[in-house]
Trainee: 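Attaching a single structure in structure tokens format; questions to follow.
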Number of protein chains: 2
Amino acid sequence: MHLDKINRKILSILQQEARITNQQLAERVGLSPSSCLNRVKKLEEQELIGPYLGVLRMEKLCRSVTVIVTVSLKDQSTDSFRAFEKAARDIPEVVECYTVSGTFDFFMRIVAPDMLRYNQINDQLLDINPGMVNLSSHVVLNTDKPFRGYPLEQLLED
Amino acid sequence: MHLDKINRKILSILQQEARITNQQLAERVGLSPSSCLNRVKKLEEQELIGPYLGVLRMEKLCRSVTVIVTVSLKDQSTDSFRAFEKAARDIPEVVECYTVSGTFDFFMRIVAPDMLRYNQINDQLLDINPGMVNLSSHVVLNTDKPFRGYPLEQLLED
DNA sequence: CTTGAAAAATTTAAGAA
DNA sequence: TTCTTAAATTTTTCAAG
């Protein structure tokens, strides 16, 4: 994937200020609005960027509990993994899930209204493959650095 | 925080489609464009929503390695925690970091161009408090469920 | 890529529910 | 208040160079 300087700048700005107007974006990257819009459209068509998300401030919106869960499956079969991935996708409170190498099989982030509801979800996950799922819960005490995008300068080649 | 049905719908839509036009948003929530815009402005002023992020598709953009790191500090002093939090904020490849309760002290997600660079970051983190930091790295093999917003229906009271 | 005109969206102001 | 309408401003979009 080759990107010129302007496209990098567009992605970098759009990554952090998704609701910027095309006119402002054009000005900041030094293009006319129409060619800037053409580039944005192309970047979206190529699916290099999108969707666009509004970050909700949960702490101001309502009480909630965030838990990071490590998962180990005793049964290392494909079916067992598939079942777990499906559960992650189907439970709305599981807001993200990764398959990893190392000591664990999955990491999940779960956001629930309270511990009672979290406990239900925990039980639901244990029931997927009874006796074969090992969960460890870590309640989030503080978000030291919230996700605000990727470090493009470090990641893109010259 | 009390939100009527319309504000919930606005937040829910804006969370997932941040670049929707105000006119389309107004239509979907059943308001005139001007009153819809007023509500959005208020929600932003109250900092219930924002910033707005464009999701970059790293897998299409460039090669990269994502690692989830568990951190335990042997030294449980406030200074030690502070130093670690600062490092997380200052290293651009650390894209998010949480302080947690349980077996670990922190979870971090690190995105680096390759393993060589990841290893350097790992060393940098170990150097913060030599001999007193325990890191465990878990390379992400698959993103089973990427973060796409919070489950508002489950989280907001009636 | 740029310009420039037409179409669409945003924003403001005035007044009604 | 919060809404709607409507006009003024700004932005987006598209055709032509």
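In what follows, every chain begins at residue 1, and chains take the letters A, B, ... in the order their sequences are listed.
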Trainee: How many angstroms lie between atom CZ of B/Arg28 and atom CD1 of B/Ile6, to the nearest 0.5 angstrom?
Mentor: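 So the gap between those two atoms works out to 14.5 Å.
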Trainee: Quick one: B/Arg19 CZ to D/dT13 C1', roughly how many Å, whole number?
Mentor: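 Computing the B/Arg19:CZ to D/dT13:C1' distance gives 14 Å.
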Trainee: Could B/Arg109 and B/Glu93 be called an ion pair, given the rule that one side-chain N must be under 4.0 Å from one carboxylate O?
Mentor: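 Result for this pair is no, no salt bridge flagged.
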Trainee: In the 5'-to-3' direction, what one-character label does each nucleotide of nucleotides 9-15 of chain C receive under the scheme B = base within less than 4.0 Å of a protein heavy atom, S = sugar-phosphate only, - = no such atom?
Mentor: SBSBB--
Trainee: Report the residue from A/Phe107, A/Tyr98, A/Phe104, A/Phe106 that forms a ring-ring contact (aromatic ring centres under 6.0 Å, His included) with A/Phe84.
Mentor: A/Phe106
Trainee: Just the rounded figure in Å: distance from P of D/dT2 to CZ of B/Arg39.
Mentor: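 Rounded to whole Å, this separation is 8 Å.
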Trainee: Looking at CD of B/Glu27 and OG1 of B/Thr21, how far apart are the two atoms once the value is rounded to the nearest 0.5 Å?
Mentor: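 Atom-to-atom, B/Glu27:CD and B/Thr21:OG1 are 9.0 Å apart.
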Trainee: Quick one: is B/Ser35 getting a side-chain N or O under 4.0 Å of the D/dT4 phosphate, OP1 or OP2?
Mentor: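 B/Ser35 to D/dT4 OP1/OP2: side-chain N or O found under 4.0 Å.
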Trainee: Taking atom CE of B/Met108 and atom OG1 of B/Thr99, what is their separation to the nearest 0.5 Å?
Mentor: 11.0 Å
Trainee: What is the distance from atom CG of B/Leu25 to atom CZ of B/Arg19, rounded to the nearest 0.5 Å?
Mentor: 14.5 Å
Trainee: Starting from P on C/dC1, measure out to CG on A/Asp4 and report it in whole angstrom.
Mentor: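 So the two atoms are 8 Å apart, to the nearest Å.
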